[in-house]
Amino acid sequence: MAGKRIMLVEDDPDFIAIVRVLLESAGYQVFAAADSRAALAAIGAVGPNLILLDIMLDSDIAGFELAYQLRNPLAGAPYAAFASVPIVVLTSMGQTRQVDYSPRARLSFLPVNAYLEKPVDPEVLLATIAALLA
């Protein structure tokens with residue numbers, strides 16, 4: 001776990017600060033990007049071991065688009081080297097948009113490894129990250 005790099009793609013500075021403290025106290029390195037363009041620009045330099053991704057960034061679907069770009073495994077795709085990096089969605093989309101996905105529908109629709117609703121229980125977040133990085 002020590003030193004693993006986590007890219008947090010989130011537009012709420014308060015949420016970034018809280019998650020940063022939590023993850024850094026657990027021994028992770030945290031890199032934040034406030035929108036999908038900044039995330040794509042930084043991902044090559046950071047080389048994250050895991051990505052925490054909000055859905056509603058620059059637009060209501062920016063997080064979906066970013067997940068699909070990162071999951072494109074085709075040779076020559078810009079981010080093919082990151083296609084196997086675990087992605088955990090952290091979103092309040094269910095609350096703000098009244099979108100009710102079942103766990104199976106969430107993960108079949110989104111090319112991600114886990115989906116957590118905000119507010120996120122810190123212990124659940126840490127356990128999810130640890131399981132995906134094991």
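Judged as a salt bridge (Lys or Arg N to Asp or Glu O under 4.0 Å), and not counting sequence neighbours, the contacts of R37 are D58. The side chain to side chain contact (heavy atoms under 4.5 Å, CB included) test applied to V124 returns L116, D121, T128, not counting sequence neighbours. Remark: L40 pairs with L66, Q69, L70, Y79 by the side chain to side chain contact (heavy atoms under 4.5 Å, CB included) rule, at least two apart or across chains. Residues passing the side chain to side chain contact (heavy atoms under 4.5 Å, CB included) test with A80, sequence neighbours excluded: A77. Take A38 and apply the side chain to side chain contact (heavy atoms under 4.5 Å, CB included) test, not counting sequence neighbours, and it matches A33, D35. With sequence neighbours left out, the salt bridge (Lys or Arg N to Asp or Glu O under 4.0 Å) criterion links R20 to E24.
Across all their heavy atoms, L74 and N72 have their closest contact at N-OD1, 3.1 Å. Heavy-atom minimum distance, N113 versus V85: OD1-O, 4.2 Å. The minimum heavy-atom distance between A26 and L126, with the atom names listed, is CB-CD2, 3.9 Å. In terms of heavy atoms, P111 sits closest to I87 at O-CD1, 4.2 Å. Pairing each heavy atom of A32 with each of M7, the nearest pair is C-SD, 4.5 Å.
Looking at heavy atoms from C-beta onward, I6 lies out of side-chain contact with N49 at the 4.5 angstrom threshold. Counting heavy atoms from C-beta outward, V88 and I51 have side chains that stay 4.5 Å or more apart. The closest side-chain heavy-atom distance from L53 to L90 is not below 4.5 Å. Under the 4.5 Å side-chain criterion, counting only non-hydrogen atoms from C-beta, L50 is not in contact with Y28.
The closest donor-acceptor contact from the side chain of R5 to the backbone of V46 lies under 3.5 Å. When atom types are taken as modelled, the side chain of Q29 and the backbone of K4 share no donor-acceptor pair closer than 3.5 angstrom.
One hydrophobic cluster, built from ILVMFWY side chains closer than 4.5 Å, cannot hold both L125 and I18; they sit in different ones. Under the 4.5 Å side-chain heavy-atom criterion for ILVMFWY residues, a single connected hydrophobic cluster contains both V120 and L133.
Judged as a salt bridge (Lys or Arg N to Asp or Glu O under 4.0 Å), the pairs with a partner in residues 44-57 (not counting sequence neighbours) are, in order, D54-K118. Residue pairs meeting the salt bridge (Lys or Arg N to Asp or Glu O under 4.0 Å) criterion with at least one partner in residues 40-50, sequence neighbours excluded, are absent.
Looking at I43, L8, V30 one by one, the single match for side chain to side chain contact (heavy atoms under 4.5 Å, CB included) with P48 turns out to be I43.
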